[in-house]
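All remarks here apply to the structure that follows.
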2 protein chains.
Amino acid sequence: MVQSDKNTEQKILDAAAEIFHIKGFDGARMQEIAHHAGINKGLLHYYFKSKDSLFDAIFSIALNQIVARIVVILHQDLTLNEKIDGIVDQYMDLLIKNPILPQFVLNELSKDADRFIGKHFNEMAKSAFSEFSLSVEQEIAKGAIRQVNAHQLFTNLMSLIMFPFVGRPILQTVFGVDNQEYNHLLELRKAHIKEFLKIAVRS
Amino acid sequence: MVQSDKNTEQKILDAAAEIFHIKGFDGARMQEIAHHAGINKGLLHYYFKSKDSLFDAIFSIALNQIVARIVVILHQDLTLNEKIDGIVDQYMDLLIKNPILPQFVLNELSKDADRFIGKHFNEMAKSAFSEFSLSVEQEIAKGAIRQVNAHQLFTNLMSLIMFPFVGRPILQTVFGVDNQEYNHLLELRKAHIKEFLKIAVRS
DNA sequence: GTCTATATCATGATAGAC
DNA sequence: GTCTATCATGATATAGAC
């Protein structure tokens, strides 16, 4: 249940985030969100006139959390290694605190990819990748890293960070570990990814 | 629409797979599945008495596709490199043909992880990882690869293969490429992953 | 702003004719 | 086996009192 010392809109947003993140748009119920926020359905519709509008608010926040920080890092004046380390550190910290965020965002995007297109994230994200790609080319030219395709390397970076969270049910079962042990693996993973990537691209 | 020269049960399974894979359990509608199979709701319930039972049939097939082949490979008498290459080749081929399979399985598991536990997959998957882990230790002992944690390496392997499919909406937007170009990146990825992993673990 | 009550509609599931 | 018709439920959304 949501804390009652916040204003009603914030209580709704907090409750809706929790329900939508876990159950997705189709699985979430307005009744459950209202109850979780400590109000009733009527008042919920007073603040957000439709389930769609409430969901849009929640999804925007989640997408922003996923996309914004990477854009910031990639536009800073850093070496490739510094950018990669920054992304790994920031993302792993974010996802350890919000482990279901990527599953939620990716699943909703898979059902409606147009949620991404047309938003201002679109151009931001593309120009951010250009920065990454440029850094890769520079390091290759300097001979600091081996010949490696920027698209594949960026895919690797995102994969190594995010998949342990979206694939958790399978990996945890395959490893035969409990929640605490899996969380420990996630903690160790931050250093592992940085080392792994560094070794994999060295010239 | 499903081909009409198959028996009714198979038409239903084909139609249900397509709808469930795309929309998930909560988003799928029995009416839509019936229509897609070229029959009506009454007949659909005659073959599968509930939405749950139909879904279970579809989910079992999908989970089996994801889990079965990896188990087979890992239990064969192969070197670590051969096992890794086999998994990359087989999975990439499977996922290029069925790109939404991992998103479907992972999302449903995230909403109900118990679907995995208690099935016979459970023990199979755990013993398969033991085989992998053993291979890693042997190669390290031989000095063929550097010191690397088996859990992290297995996570990396699965991440590099699967994430490009579940994360496609984001990656494709970030790269600013169309479907054809992204498919091309996926084709190139098979060789990329094998090379990347080999370099990353060499001693 | 907040509540109760209700309208409206879509869904999963069943009954029964053929 | 296959269809049409219908039930029962549960969901979003609105109306109106306080």
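All values reported here derive from a predicted model rather than from experimental measurement. Here is how names work: the chains are called A, B, and so on, in the same order as the sequence lines, proteins then strands, and each is numbered from 1.
A close approach under 4.0 Å does occur between a side-chain nitrogen or oxygen of B:Asn40 and OP1 or OP2 of D:dT4. The side chain of A:Tyr47 contributes an N or O atom lying less than 4.0 Å from OP1 or OP2 of C:dT2. Of the side-chain N and O atoms in B:Ser50, none sit less than 4.0 angstrom from OP1 or OP2 of C:dG12. The phosphate of D:dT14 (OP1 or OP2) has no side-chain N or O of A:His45 nearer than 4.0 angstrom.
Looking at B:Lys6 and B:Asp14, a side-chain N of the basic residue comes within less than 4.0 Å of a carboxylate O on the acidic one, giving a salt bridge.
When all heavy atoms of A:Gln65 and A:Leu94 are compared, the closest pair comes out as O-CD2, 3.6 Å. Nearest heavy atom pair, residue B:Ser110 against residue A:Gln103, reads OG-CG, 3.8 Å.
Considering only side-chain atoms of B:Ile39, the nucleotide from D:dC3, D:dT12, C:dT11 that sits closest is D:dC3. Comparing D:dA13, C:dT2, D:dG1 against the side chain of B:Leu43 picks out D:dG1 as the nearest. Listed nucleotides C:dG12, D:dT2, D:dA11 differ in distance to B:Tyr46; the shortest reach to its side chain belongs to D:dT2.
Across the interface with DNA chain C, nearest-nucleotide mapping of B:Met30 and A:Thr8 shows A:Thr8 to be the residue nearer the 5′ end.
In this structure, B:Asp26 atom CG and D:dG10 atom P are separated by 15 Å, rounded to whole Å. One interatomic measurement links the two molecules: CD1 of B:Ile19 to P of C:dG12, which rounds to 12 Å at whole-angstrom precision. Taking atom NZ of B:Lys51 as the reference point, atom P of C:dA10 lies 16 Å away to the nearest angstrom. In this entry the distance linking CD of A:Glu9 with C1' of C:dT2 reads 16 Å, nearest Å. One atom, NE2 of A:His35, and another, C1' of C:dC3, lie 15 Å apart when rounded to the nearest Å. One atom, CD1 of A:Ile33, and another, C1' of D:dA11, lie 12 Å apart when rounded to the nearest Å. Atom CZ in A:Phe48 sits roughly 16 Å away from atom C1' in D:dT12 (whole-Å rounding). Counting to the nearest Å, the P atom of C:dT11 and the CD atom of B:Glu32 are 9 Å from each other.
Backbone-only contact: B:Ala28 has heavy atoms under 4.0 Å from sugar-phosphate atoms and none from a base. Nucleic acid contact class of B:Lys41 (heavy atoms, under 4.0 Å, all strands): base.
Of the possible polar contacts, one joining the B:Thr155 side chain to the B:His151 backbone as a donor-acceptor pair under 3.5 Å is found.
With 3.5 Å as the limit, one finds a donor-acceptor pair spanning the side chains of A:Lys83 and A:Ser135.
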